[in-house]
Amino acid sequence: MSYLGEEIGKLGFGLMRLPRIGDTKEFDLEQIKQMVDEFLEAGFTYFDTAWAYQGSEETIKKALVERYPRESFQLATKNAAWINCKTREDAIAQFETSLERTGAGYFDFYLLHNLGEQRTHFFDDFDLWNFVKEKKEEGLIKHIGFSFHSTPEELEEIFKAHPEAEFVQLQINYADWENPAIQSRGIYEMARKYNMPVIIMEPVKGGMLANPPGPVKDVFKAAEPESSCASWAVRFAADLDGVITVLSGMSNLEQMRDNLSYMRGFKGVSEKEKKVLDAAREELNKIPLIPCTICNYCAKVCPMDIAISGSFTAMNNYTLYGNMKQAKSQIDGLVERQGKKRPADCIKCGACEEVCPQHIAIRDELVKISETLG
């Protein structure tokens with residue numbers, strides 16, 4: 001499908017959650033190379049990384065940029081001016097660092113990363129909109145856009161203030177479609193109002209919708225026994241009008257092959273399938289899970305280095321399966337293996353909540369986890 005002059009398949013390779021070797025921090029480069037190969041062979045070409053995804057830009061240089069002709073793929077990366085930037089030079093340095101790390105020569109899509117609420121002003125304060133326009137004129141950026149986590153009203157303000165934006169990246173999935181905290185439907189409809197092409201992120205909500213609670217899984221399996229739960233989530237997003245591509249943060253070959261199996265020649269979602277998705281959403285809404293997508297933006301700003309996302313995963317597992325011993329072991333493992341602090345060590349500063357795209361009341365949740373799991 002052609003958007004912005006580019007031929008892009010409806011599936012994009014999100015590079016936030018690349019596979020690692022065992023429990024180490026080392027990326028499994030050989031597996032990533034194979035994932036890249038199969039992705040391109042299937043006719044998909046869009047790869048999404050970010051300056052803030054530790055090790056991701058360097059890894060995709062080895063797995064993709066150094067192995068394929070530059071014109072055979074689109075590479076997107078992002079600038080997070082709200083992370084440790086005190087000056088415009090600090091923010092601009094992220095662009096130069098991304099160019100060096102990826103070796104890409106230029107970026108097909110360059111995003112100002114995670115606008116919304118108190119993060120938006122950094123990009124204006126550092127005059128980054130003019131910076132990216134200059135880089136586009138120089139040929140170092142082909143398309144300018146931004147990723148966004150906030151309200152439809154704030155999204156409209158950005159559209160009005162920055163007509164130079166050519167696309168927007170939004171969190172959209174069937175679980176958040178009617179969620180008043182995320183407002184997926186509202187922000188999507190605002191993008192359509194301005195005829196703004198959309199890239200979808202978190203269609204599987206950080207993996208949560210790939211392995212949903214039993215009642216949700218039962219709805220999907222009754223409708224299509226052979227289809228994965230993740231396939232329903234990605235198809236829901238890909239069916240929406242005006243979507244450039246749907247990013248899936250694939251973390252192993254199995255996930256890649258599953259996605260390719262149903263996204264090759266994707267034709268849309270039928271009315272019958274939409275009713276199945278509605279039923280699954282109703283079941284999901286009955287379960288009080290913490291809506292963490294493990295983006296770990298909170299970890300980058302937490303002064304106590306608390307294992308926030310890992311603690312949330314442990315708590316969600318306890319909510320779903322009731323295994324107290326296993327949930328406590330998950331938190332203990334994070335503390336022992338990675339040197340993280342426990343939920344009880346939270347000093348209530350609130351820095352985490354200021355950058356959380358899911359608008360989670362993190363401090364309150366950490367108190368509950370501490371009281372429940374220790």
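These numbers come from the heavy atoms of this one structure, side chains and all, not from hydrogens, waters or symmetry mates.
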Donor-acceptor pair, side chain of [X] and main chain of [Y], under 3.5 angstrom:
X      : Y      : result
Lys300 : Ala52  : yes
Glu353 : Ile362 : yes
Ser72  : Tyr68  : no

Are [Y] and [X] connected in a single hydrophobic cluster, I mean Ile/Leu/Val/Met/Phe/Trp/Tyr linked by side-chain heavy atoms less than 4.5 Å apart?
X      : Y      : value
Leu15  : Ile21  : no
Val219 : Trp177 : yes
Ile294 : Val355 : no
Leu29  : Leu253 : no
Val65  : Tyr106 : no

Using salt bridge (Lys or Arg N to Asp or Glu O under 4.0 Å) as the criterion, list what pairs up with [X], not counting sequence neighbours.
X      : answer
Lys136 : Glu166
Glu96  : none
Lys221 : none
Asp218 : none

Under the side-chain contact (heavy atoms from CB on, under 4.5 Å) test, which residues partner [X], sequence neighbours left out?
X      : value
Phe266 : Arg235, Ala238, Asp239, Met263, Val269
Glu57  : Thr49, Trp51, Thr77, Ser98, Arg101, Thr102
Asp278 : Arg281
Ala175 : Asn173, Lys205, Leu209, Leu284

Full working for side chain to side chain contact (heavy atoms under 4.5 Å, CB included) between Arg192 and Asn195: CA-CA 5 Å; Arg192 296 303 295 149; Asn195 199 31; 4.2 Å; yes

Looking at every heavy atom in both [X] and [Y], which two are closest together, and how far apart are they?
X      : Y      : answer
Ala230 : Tyr262 : O-OH, 3.8 Å
Glu224 : Ser227 : OE1-OG, 2.6 Å
Ala63  : Ile32  : CB-CG2, 3.7 Å
Leu289 : Met208 : CD1-SD, 4.3 Å
Asn114 : Pro357 : ND2-CG, 4.2 Å
Pro343 : Leu366 : CB-O, 3.6 Å

For Tyr46, the option from Phe13, Phe39, Phe109 that meets ring pair (Phe, Tyr, Trp, His ring centres under 6.0 Å):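 The residue from Phe13, Phe39, Phe109 that satisfies ring pair (Phe, Tyr, Trp, His ring centres under 6.0 Å) with Tyr46 turns out to be Phe109.
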
CD (Glu226) with more than 12 external heavy atoms under 6.0 Å: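 Counting neighbours around CD of Glu226, 12 or fewer heavy atoms of other residues, nucleotides or ligands fall under 6.0 Å, so no.
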
Residue pairs involving residues 241-267 (criterion salt bridge (Lys or Arg N to Asp or Glu O under 4.0 Å); sequence neighbours excluded):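 For residues 241-267, and leaving out neighbouring residues, the salt bridge (Lys or Arg N to Asp or Glu O under 4.0 Å) pairs sorted by first residue read Glu38-Arg257.
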
Give every donor-acceptor pair under 3.5 Å between a side-chain atom in residues 120-129 and any protein atom, sequence neighbours left out.
{"residue": "Thr120", "atom": "OG1", "partner": "Gly116", "partner atom": "N", "Å": "2.7"}
{"residue": "Thr120", "atom": "OG1", "partner": "Glu154", "partner atom": "OE2", "Å": "3.2"}
{"residue": "His121", "atom": "ND1", "partner": "Asp125", "partner atom": "OD2", "Å": "2.6"}
{"residue": "His121", "atom": "NE2", "partner": "Gln118", "partner atom": "O", "Å": "3.3"}
{"residue": "Asp124", "atom": "OD1", "partner": "His162", "partner atom": "NE2", "Å": "3.2"}
{"residue": "Asp127", "atom": "OD1", "partner": "Asn130", "partner atom": "ND2", "Å": "2.8"}
{"residue": "Trp129", "atom": "NE1", "partner": "His162", "partner atom": "NE2", "Å": "3.1"}

Side chain to side chain contact (heavy atoms under 4.5 Å, CB included) assessment of Lys78 paired with Gln169: CA-CA 11 Å; Lys78 312 180 191 75; Gln169 186 163 305; 3.6 Å; yes

Can you tell if the side chain of [X] reaches within under 4.5 Å of the side chain of [Y], non-hydrogen atoms only?
X      : Y      : answer
Leu99  : Phe107 : yes
Cys292 : Ile360 : yes
Met315 : Thr372 : yes
Glu153 : Glu156 : no
Pro152 : Gln183 : yes
Arg363 : Cys346 : yes
Gln74  : His143 : no
Tyr188 : Ile200 : no

Regarding [X] and [Y], does a basic nitrogen lie under 4.0 Å from an acidic carboxylate oxygen?
X      : Y      : result
Lys341 : Asp305 : no
Glu189 : Arg185 : yes
Glu371 : Lys368 : no
Lys274 : Glu271 : yes

Test ring-ring contact (aromatic ring centres under 6.0 Å, His included) applied to Phe95 and Phe131, step by step: CA-CA 10 Å; Phe95 177 82; Phe131 172 76; 5.5 Å; yes

Sequence neighbours excluded, every pair satisfying ring pair (Phe, Tyr, Trp, His ring centres under 6.0 Å) that has a member inside residues 349-374: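 For residues 349-374, and leaving out neighbouring residues, there are no ring pair (Phe, Tyr, Trp, His ring centres under 6.0 Å) pairs at all.
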
Residue pairs, two or more places apart or on separate chains, that pass ring pair (Phe, Tyr, Trp, His ring centres under 6.0 Å) and touch residues 270-317: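 Applying ring pair (Phe, Tyr, Trp, His ring centres under 6.0 Å) to every pair that reaches into residues 270-317, excluding sequence neighbours, yields Trp82-Tyr297, His113-Tyr297.
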
Glu30, Met256, Gln31 screened by side-chain contact (heavy atoms from CB on, under 4.5 Å) with Pro19, the one that passes: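 Only one of Glu30, Met256, Gln31 forms a side-chain contact (heavy atoms from CB on, under 4.5 Å) with Pro19, namely Gln31.
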
Pair Tyr318, Gln326: side-chain N/O donor-acceptor within cut-off below 3.5 Å: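 Short answer, no.
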
Ser248/Leu11 under side chain to side chain contact (heavy atoms under 4.5 Å, CB included): CA gap, chis, key distance, verdict: CA-CA 7 Å; Ser248 179; Leu11 179 66; 4.1 Å; yes

Asp332 and Arg342: CA distance, side-chain angles, deciding distance, side chain to side chain contact (heavy atoms under 4.5 Å, CB included) verdict: CA-CA 8 Å; Asp332 289 343; Arg342 308 187 75 86; 2.9 Å; yes

Test log, rule salt bridge (Lys or Arg N to Asp or Glu O under 4.0 Å), inputs Asp108 and Arg70: CA-CA 10 Å; Asp108 301 273; Arg70 182 63 184 86; 2.8 Å; yes

Cation-pi check, Arg17 onto Tyr53 ring (under 6.0 Å, within 45° of axis):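 No cation-pi geometry.
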
